Every structure is written in structure tokens, then in C-alpha cells.
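The next block holds one structure in the form of C-alpha cells; read it before the comments.
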Amino acid sequence: MHGDRSRLRGIRIWAVLFWLIIWQLVSIAVANDILLVSPLQVIQRLGELIFTEFFWYSIFFSLLRIIGGFILATCAGILLAVSAYRFRHIRELLEPVMLAIKSVPVASFIILALIWFSSHNLATLISFLMVLPVIYTNVLDGICSVDNQLLEMAQVFRLPVIRRIRYIYVPQVMPFFRSGCTISLGLCWKSGIAAEVIGMPKGSIGERLQQAKVYLDTPELFAWTLVIVLVSLTFERLFLLLLKKIAGRLERM
């Protein structure tokens, strides 16, 4: 979390304004709205999209599926990590699967998924696959790093399993889990939107991006890209804030 805070502190308003000015100047020099639009045109187009019905429907459509994939992968990753820690054979079975998921390009998964499944929930599946190995690896590393002396002390005093989980495992695994969530939150949005661009499920943000590209509507293409960034950052901040509050409450109990 400290790394995440320092990353946020490293972003300065003047630096953002500097690059916006550079963008504006380059767009004026290029003088071609198809190749590069100005930030003012993007903001103007975004203002027009906000008042349309399909704008909010597309955001809700993609948000629901990508978040669904993230939550499913998070739950599955935790359960598999605990199982892999408890049983060596499960860990050995999962290692090549996780390695394959991390190594295979996202585009390959998307194309294969389109052969086997409908594109309607494609973003959920791809987000799930991209997030799963990250959460699994981080949680497993966190469990394996738990102080053995604390575990031995808990065994000597015959501390119940629930109390061991609450007072030993959770505090030490939480930083690893938080780090995994920080990485996978951005990853799930990138992969989920990429899946929608290729699969083009009706009513998704990916479909809007593809249509903007086909019709050479560069202002709308940039506007939807800005929407993806804003929605992704908002969800990431809210989720990490919720995680921080849960961790704080557990420490106080």
C-alpha cells in the first residue's frame, strides 16, 4: 500500500497539465483530426456522450462483467492458494496451469474463447483468467511467508484455527493480497476491454471503440478511452479503500 501511495503522490497536477499542453500543441501541428484530436475536442465529445442513453448502458454493461470476472478470480485465487498450501499435490497440479495462463497471450485466449463460447460474457472470462494467477501467486507467497515461530507459539498454546487465521495469517497475508489486487485491477480492465473490442458484444464499451475506429471517429475513440481510464481508476481506488477499511477493522477487533 505504501508503494501505491507513493505512486499517487508522484502524480502532480502541473505534470498532467504539461502533457495536456504538449498534446494540444502536437494536435495543432498535425492539423488532422483523424490522426490526432486535441484534448479539448475529446472533452467536448465526452460531454456530448454523457447525455446519451447508450453511454451509461455501455459503462454498466462492461463494468458488471469485468468486475464480475475480478471478484470470481479473487475468490478462486484465495481458495486455490489455501488448498495449494495445505496439499502439496494440489500445488504441483496447479503450477503448470498458472504458468500457462500467465504465458499465453491475451489475444489467444480471446480467440479461443470466441470459438467455444458466446461473446456476451467474454469480458468476464478473460478478466477471470488474467486475474486468477496474480491473486493465487500473491496469496500463496503470503501464506508461505508467515512466521514459523508464531505458528509454533499458536500450536503450543493450542490456539483455535479461527484465531490463528484472524491474528496470524490475515495480518501477514494482507499486504501480499493488497499488492496482487493493485496489479490485477488494472490488468482485468485492459484484458476485459480488449476482449470486448475483438468479440464486440452488443452494448459494450468495446463495441463503441470498434465502431469509432471503423467510422474514423477519433474524438469518440479518445473519449471512450478516457472513460475506461476514469472508471478503472475509480473502481481501483474504491476497492483498495474498502480493503484498507476491512483490514483496519480486523486489526481493531
Side-chain angles (χ1 to χ4, degrees), residues 7-67 69-70 105-111 113-114 118-127 130 182-238:
R7 177 168 62 87
L8 287 176
R9 284 197 296 266
I11 299 175
R12 295 289 184 263
I13 297 297
W14 68 266
V16 175
L17 291 175
F18 173 82
W19 289 112
L20 287 175
I21 292 171
I22 294 296
W23 178 6
Q24 179 71 31
L25 293 175
V26 172
S27 67
I28 293 173
V30 172
N32 188 328
D33 290 346
I34 294 178
L35 292 178
L36 183 66
V37 295
S38 69
L40 294 177
Q41 288 175 291
V42 174
I43 296 298
Q44 180 183 356
R45 182 57 181 146
L46 181 59
E48 295 170 356
L49 290 172
I50 287 174
F51 295 101
T52 59
E53 183 180 349
F54 70 81
F55 176 81
W56 298 106
Y57 177 83
S58 298
I59 291 177
F60 180 76
F61 182 97
S62 298
L63 184 67
L64 185 66
R65 282 154 181 77
I66 293 173
I67 290 177
F70 172 80
V106 180
S108 298
F109 277 123
I110 296 171
I111 294 170
L114 284 172
S118 167
S119 65
H120 190 70
N121 293 311
L122 180 63
T124 303
L125 175 61
I126 299 302
S127 298
M130 294 302 103
T182 302
I183 296 170
S184 58
L185 278 166
L187 188 62
C188 76
W189 274 97
K190 291 178 183 178
S191 57
I193 295 298
E196 290 183 347
V197 170
I198 296 175
M200 286 197 301
K202 189 173 179 57
S204 66
I205 292 178
E207 183 194 29
R208 301 299 174 187
L209 285 170
Q210 188 64 259
Q211 287 181 349
K213 174 225 171 189
V214 170
Y215 293 107
L216 299 178
D217 191 347
T218 309
E220 183 160 336
L221 183 62
F222 273 79
W224 278 112
T225 303
L226 179 60
V227 168
I228 295 168
V229 172
L230 293 176
V231 173
S232 174
L233 287 176
T234 301
F235 177 68
E236 180 181 341
R237 297 284 84 77
L238 291 175

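Since this is a predicted model, take the numbers as computed values, not measurements.
Taking 4.5 Å as the limit, every side-chain heavy atom of Phe109 sits out of range of all side-chain heavy atoms of Leu125. Side-chain contact check for Val26 versus Val30: some heavy-atom pair is nearer than 4.5 Å. Looking at heavy atoms from C-beta onward, Ile50 lies in side-chain contact with Trp56 at the 4.5 angstrom threshold. Leu209 has its side chain within reach of Ile228: a pair of non-hydrogen atoms, C-beta onward, lies under 4.5 Å apart. Taking the side chain as every heavy atom from C-beta outward, Val37 and Leu221 never approach each other to under 4.5 Å. Leu36 is listed as a side-chain neighbour of Phe222, based on a closest heavy-atom distance under 4.5 Å. Looking at heavy atoms from C-beta onward, Tyr57 lies out of side-chain contact with Thr52 at the 4.5 angstrom threshold. Put simply, the side chain of Leu35 does not reach to within 4.5 Å of the side chain of Thr218, judged on heavy atoms.
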| request: Show your reasoning for whether side chain to side chain contact (heavy atoms under 4.5 Å, CB included) applies to Leu233 and Arg237. | output: CA-CA 6 Å; Leu233 287 176; Arg237 297 284 84 77; 4.0 Å; yes
| request: Step by step, work out the side chain to side chain contact (heavy atoms under 4.5 Å, CB included) result for Thr225 and Val42. | output: CA-CA 10 Å; Thr225 303; Val42 174; over 6 Å; no
| query | Between Phe18 and Ile21, is a side chain to side chain contact (heavy atoms under 4.5 Å, CB included) present by the stated rule, with each step listed? | reply | CA-CA 5 Å; Phe18 173 82; Ile21 292 171; 5.9 Å; no
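Separation of atoms CH2 (Trp224) and CG (Asp217) is listed at 11.5 Å; rounding is to 0.5 Å. Rounding to the nearest 0.5 angstrom, the gap separating the OG atom in Ser232 from the CG atom in Leu187 is 10.5 Å. With rounding to the nearest 0.5 angstrom, the CG atom of Leu46 is 7.5 Å from the CG atom of Leu230. Here Phe235 contributes atom CZ and Leu63 contributes atom CG; the two are 7.0 Å apart, rounded to the nearest 0.5 Å.
Considering all non-hydrogen atoms of both residues, Ile59 and Ile205 come closest at CA-CD1, 4.1 Å. Nearest heavy atoms, Phe51 versus Gly47: CD1-O, 3.0 Å. Among all heavy-atom pairs drawn from Ala123 and Ile66, the shortest one is CB-CG1, 4.1 Å. Here the closest heavy-atom approach between residue Val197 and residue Gln210 is recorded as O-NE2, 3.0 Å. When all heavy atoms of Cys188 and Ser127 are compared, the closest pair comes out as O-OG, 3.2 Å. Here the closest non-hydrogen pair linking Met130 and Val106 is SD-CG2, 3.5 Å.
Below 30°, between 30° and 60°, or above 60°: for Phe61 and His120 the angle between ring planes is above 60°, a perpendicular geometry.
More than 12 heavy-atom neighbours from other residues, nucleotides or ligands sit within 6.0 angstrom of CG on Leu17. No more than 12 heavy atoms of other residues, nucleotides or ligands lie within 6.0 Å of CZ in Phe60, so this atom counts as exposed by the packing criterion.
Between the side chain of Gln24 and the backbone N or O of Ser38 there is no donor-acceptor pair closer than 3.5 Å.
Screening Ser191, Ser62, Ser119 for a side-chain hydrogen bond (donor to acceptor under 3.5 Å, both in side chains) involving Glu196 leaves a single residue, Ser62. The salt bridge (Lys or Arg N to Asp or Glu O under 4.0 Å) test with Glu220 is passed by exactly one of Arg45, Lys213, Arg208: Arg45.
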